[in-house]
Every structure is written in C-alpha cells, then in structure tokens.
Amino acid sequence: MIAPTGTPQSARNKATARGALRSVQILLPVWGAAYLRQCVEVLLPSLLAAGNLPAVAAAIPVAFILSTRQQDIPAIHDHPAWRALATFCETRLEPLDSLLSEASALVLTLVYARAIRSAGNTAHDVGFVFLVADYVLADGALREVLRRLQGGADAVLAGNFQISAEAAGRRIAAPAPGEALTISPRALVRLGLEALHPATQACLAGEAALHDARANRVFWRAGRDALLGRFYLLHMIAIRPVVLDVCIAAACDYSFVPEFCPSGQIETITDSDSYMVAEMQPAGAGPQDWRVGPLKPAALAASLASWVTPQHRRNAVHPICFHATNLDRFSADCAEAMAESAQFITETQQLLGPVSQPHRHHPSWRGLLEHHQATAIQQVDLAILATILGAGAVPGGLGRMRQLLLGRMPKPRPWHPHWADWRILCARLTALAAGCRVLIVSAENWRLHARLLRHAMAGGARSAAHLDPEALFAAAAESRGARFDFVLAVIRPSAQDGLAGICQAAAALLAEGGKALLALSEFSDAPTPPLAPSQVDAAAALAAPALLEARRETVPAPGWRIAAQTAMMRHARAATQAPSPARRLGHFTAGIACAGLSLAANLACRRETGPSLRLDQGAISTALIHVQRAPVVVVPEHAAQTRQASPWTV
C-alpha cells in the first residue's frame, strides 16, 4: 500500500563506489519580520529535538548556515535558540542583502546555489539540507534524511502540507528559551489535521466547495486520521551533488534535482512516520485563484501544462501518507484513497499529454529574473548572478523588451498600470519638499526610493534621506531631537498594520509644525487589487493621534481601468510564452489594444484625482493622506515595545 522507504541496493552500491558522505550543511535563508520571528520561536526549537540536529551532529560533522539581512544578524546571534544550536555544530550567519528581492523563489535558489558553489570540489562529499523559515519539524525528520544520504541517495524529496499558523500556534507548547520543541510525527500530523490551512483544503480532491486553480498537489482523506497526498512539486529536502558544472535556469524546486543529480538516484519519503514536516502559514494567506467546485483532473492538467517538468510528473507517481495512528487502524480507508488517487493522477497525466516544460530555461525563468531585478533592495550585479547560477543561466538583454514596451517602476510608460499613481505621488513630493529636510520611509526596492530622493531634491529640499521601517524605529528610539521637516511614508496595504508604529516614530523625528504624507499604494509592475475607501479610513485612524489628518487625495480605480490593465499584462506575458508565432502575434496585437485603453484610463485618473471619495464612489488605486505632527510629540512606545518583544516586528 505504501511505497517502500528503505534504501535500494543500487544506491548502497553507488555510495560505496563513490565514497562515504563526509559532512552535512544545513542551509536556511530567512528574512522579514514574521518569518524571522517564526524561525527563532518554532523552527529552530524543533531542530533541537533529539532526532533532528543533535542526532545528525552526533553522526557526522554539521555546519548550520543561516542567511539573513545584515541588520538582523546581531539579534539572531544573541538569541537563545541560536546559541543552543551552536552547542551541537558549527554555526554561521551570512548576509543575503545583495541577493534579496520580492522574487522569493529566486532568492532561495540563489542562497542555496551560492552555498553549493562555495563548497567547490568538496561539494561532492557534502549533503546539503535545504530548509525554509515557516517549517516545524517532527522529531526524527533530519535523522531520516541523513539515513537516506548515507545510504546512497543523491537527492531526497519529501512532501508536506500547510497548516494554519494561528490555530497550530495555540496548540504548540512554546519551549523555554533555548530548549527543544519536541513533537512526534503522529502528534504533528494530528495537529495538522485539526488545523488544516485553507490552501490545503482547496487541494482536497472531490471534497472542497472551492479549489485552487494553481494547485501543485492533491490530497485525499483516508479516514479521520490520515491524508494521502500526490505531489507534483516536492521539496528537495537534501541533495548530494553528482555534477557541479550546472546551469541553474529555473527555481530550485524545478532545477536542482535534474541539474545536480542527473543520475536519477532520487528517493522520495512516502510515510510521515519517517519524516513529517508542516508548513505554518497565516490563515489569510490562501490561494489567490479560487474556483468553484472540487478539484478535477481536467482543471489540474490545464494548470500544470504551463509549468510542469518531467521530474514533476515523476514526483506524482509516489503516494505520500500522513497518518496520526497505526496504519492498520484505517487500512481499508487508505486503500480506497490510494486507488482514487492513482486513477486521478493517471487521468491527469493522460490529459497533460507527452509534452513537459524544460527544467533548464523554464518558461517562468526570464520573468523571475526580471522581477528580481526590478524589486531588489540593492542594485543587481548580473555577473554575480551568472557566477552563482552557472554559464548561460542569465539571458542577454534581460528586461530590455519589457523596458521598451512598458517601462519599469520607477520609470513607467504612460500606459503602465501604475503610471498615474506614481506621477501624482512624485508631483506632490516635489511640491511639498521645498526648503525642507525630507525623510523617505519605504520598504520598497532601491530604485523606488532612489527616485523619490531625486524628486525631493529637485523640489528644492535642503536635504533628503531614506530609512526602511525598522531603521526608522531605531532612529526614533535613539533620537534626541527633531531631524526632519517633512516625511513621506510609502505603505503597502498588506503592511498597513504597521502604520501606527511608523507614524509614532515619524512624529518623534518631525520638527515643530512638520508635515507628512502617507502614500497607501502598491507601486509594482503589475495591476494590483484596488483599495476600498474603508481601507483608507482605517489607515487614517491608525495614523492618529501621533499625526493629525489635514486632507486626503485619492486616485480612482474604476473596473474598466483594472480590466484593461490586467488584460494588457496577460497578453504581454502570453506574447513571450505562446507556442507558435501566430499566437504570439495575436497576443501582441491584443496587448497593444489594451495598452491604448490603459493609457486612456491613466489620463482620466490624473484628471479625476481629488478629495476623498465617498463609500459609494468606487475603488481606489492610491490614497495620499496629508498629515501633520500633533502639538505634543507622542513617544514612540509602540516602536520601543516592539523592539523589546521582537527586533523584527514592524
């Protein structure tokens, strides 16, 4: 019923001929306040369980390498969980600022690939274990991974499912600082079944009223105490490279296994008793593409066709069982689920047909590189990327066609989805900066705040500086007097919860009579969901009483504007990925027509921008809230308390 989990004889023979595994490197990239907090409070303590890092370190030399923002390294270094890890193995903290962007899949790929490249020719003798910050590991998970590597596997693959971080957090007993979080595999499965994340529920075949149109895995219930999963996208939990002269031209879970391990000596762990990991996600972080009705083979095949590789198709052959009790307690249910899953996957594979996408220069690769280049927090050095990823991985002319046709923030063409929003913000900044000491507060990419600083100086500012929210909190806590006359804070709606603390810190740095402008918007290179007027009201309420509202302006986002710009971007992507020249031409022509509508909408937005919209007047793409410092400066208690509780909370 369950695929065998032992090490094949061929793998043992291969390991003997090749030499024994000499060491293990555990790689963990982590950035962002929420992920850093979850890492030190859940992931690291679960690694301290006896069957995880202590067991591996007792058997073989281990180096644990955590990559994070330079500014967060001191806090992690002093954390009790990190100090506890250092008692078992070598630990290293490395900065990843030069690789960081909003393209998280590429950031992970770059950090992992950099570590393998750094090992040089000795990488053949190293088992690289790849972790992510939102994991919680059951006791014994890493011991099983080491057993597979020492048995001869070149790559070890594993599946997991997402659980609600809020619900699971209430059930997990937090250990004392520096102590282990020990959860047995079956206890973790039980916890997961009781706290299934909406993203997991959306992948239940034949059960969910709504399904995820972009699903990469499918689940079946096997009684009350088990889930059976079939995964197209499995996590490569560990790799022992066979080949080092590789070209990484796709995200790591697309490219690492076929590039580093072309021998095909790959093992998939299929029983949660051997390896159990849960992915803790906020309940609100569900699928972005919900569809009515249960997930069916035809819908899954239609989604998979655009990205699935041959390795992904082979992944789905292995049924993975997650069970909270003994197998014989529900063997009939499991057998039924196994049969249903086999039929479902067979039908899906048939509908997919024989064609798969290549793992090298995958269709998504150029877009991923361009998104990384556009959203990086530091200027991207393409030569360094090419060194990390391998010869031929970074295509020439990267982003030039897009730059020509659409521009890129902060230099968009007039038909770009956020041209109107950006032009209005820059105009207000230029007008308000005259004679002021200006502070730009933004967590956006380096291009955006660099352009804003230029506009401030062009408007006659006496000086202009930039701080991200965390640096703002530090500056406010250490401030002995006002430093600025005008503050511009660019806030994403998704980060609106941190607005109160930002306003308190900004107020502490504003001079008497100082003013501020709160820009609530998503200044990205793609259409984004519009804001409701109630969201703007909520943002203004969060700003008080530290800053008093003077007035507000809004940029309208009528439905036809959003529809035209979404269609324009969809046709632009399809024009580069369509399988035939005729279809590419068709998408390009349609995209030009949509660009004309987008231009008309942007010009109309510039004319219609004005006082706050009433609730019945529709959606908004950008809100500019003009505020000024309250008569009495509010001490930034929020920032100070936040920094004491956790140095990464904004």
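This chain uses plain numbering: 1 for the first residue, then up along the sequence.
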Find out whether [X] and [Y] are in side-chain contact, i.e. whether some heavy atom of one side chain is under 4.5 Å from a heavy atom of the other.
| X | Y | value |
| --- | --- | --- |
| L389 | V394 | yes |
| T91 | I65 | no |
| P241 | L244 | yes |
| L369 | L385 | yes |
| L352 | R313 | yes |
| C39 | L66 | yes |
| I76 | T68 | yes |
| R114 | Y112 | no |

For residues [X] and [Y], report the shortest heavy-atom separation together with the two atoms involved.
| X | Y | result |
| --- | --- | --- |
| P45 | P175 | CB-CG, 3.9 Å |
| L96 | R69 | CD1-N, 4.2 Å |
| S274 | I269 | CB-CG2, 4.0 Å |
| T109 | C252 | OG1-N, 2.8 Å |
| L234 | D253 | O-CB, 4.2 Å |
| A49 | A180 | N-CB, 3.8 Å |

Less than 3.5 Å apart, any donor N or O on the side chain of [X] or [Y] sitting next to an acceptor on the other?
| X | Y | answer |
| --- | --- | --- |
| R214 | S303 | no |
| H359 | Q311 | no |
| S184 | D139 | no |
| Y275 | N160 | no |
| T200 | H197 | no |
| Q378 | D97 | no |

Strictly under 6.0 Å, is that where the ring centroids of [X] and [Y] end up?
| X | Y | value |
| --- | --- | --- |
| Y254 | H362 | yes |
| F256 | F130 | yes |
| F231 | F219 | yes |

[X] side chain vs [Y] backbone, donor-acceptor pair below 3.5 Å:
| X | Y | value |
| --- | --- | --- |
| W365 | A393 | yes |
| N52 | G140 | yes |
| R230 | V317 | yes |
| S67 | P29 | no |
| R447 | Q373 | yes |
| S46 | L137 | yes |
| T375 | E102 | yes |
| Q38 | L43 | no |

query = Can you list the steps and then say if Q281 with I163 is a side chain to side chain contact (heavy atoms under 4.5 Å, CB included)?
reply = CA-CA 6 Å; Q281 288 283 328; I163 64 177; over 6 Å; no

Inter-residue atom distance [X].[atom1] - [Y].[atom2], 0.5 Å rounding:
| X | Y | atom1 | atom2 | value |
| --- | --- | --- | --- | --- |
| E144 | E267 | CD | CD | 8.5 Å |
| I116 | F260 | CD1 | CZ | 4.0 Å |
| M276 | H323 | CE | NE2 | 10.5 Å |
| H318 | S341 | NE2 | OG | 13.0 Å |
| M236 | C261 | CE | SG | 10.5 Å |
| C321 | D273 | SG | CG | 9.0 Å |

key: From CA spacing to verdict: side chain to side chain contact (heavy atoms under 4.5 Å, CB included), W31, S104   = CA-CA 10 Å; W31 66 95; S104 55; 3.9 Å; yes

inquiry  = side chain to side chain contact (heavy atoms under 4.5 Å, CB included) for R117 and V246? Distances and angles first, verdict last.
reply    = CA-CA 10 Å; R117 297 283 190 195; V246 298; 3.7 Å; yes

task = Run through L157, L149, L131 and flag the one making a side chain to side chain contact (heavy atoms under 4.5 Å, CB included) with I237.
result = L131

message = Quick test of your reading of the model: are R83 and D78 salt-bridged, counting only N-O distances below 4.0 Å?
response = no

request  = Indicate yes or no: does D212 engage R217 in a salt bridge with an N to O separation below 4.0 Å.
outcome  = no

inquiry  = Pair N216, H312 - check side chain to side chain donor-acceptor pair (under 3.5 Å), show working.
reply    = CA-CA 9 Å; N216 55 47; H312 293 144; over 6 Å; no

request  = Evaluate the criterion side chain to side chain contact (heavy atoms under 4.5 Å, CB included) for residue pair F523 and L448; output intermediate values, then yes/no.
outcome  = CA-CA 9 Å; F523 292 109; L448 226 65; 3.8 Å; yes

query = Hey, what's the ring geometry for H466 with H449, parallel, tilted or perpendicular (30° and 60° as the breaks)?
reply = parallel

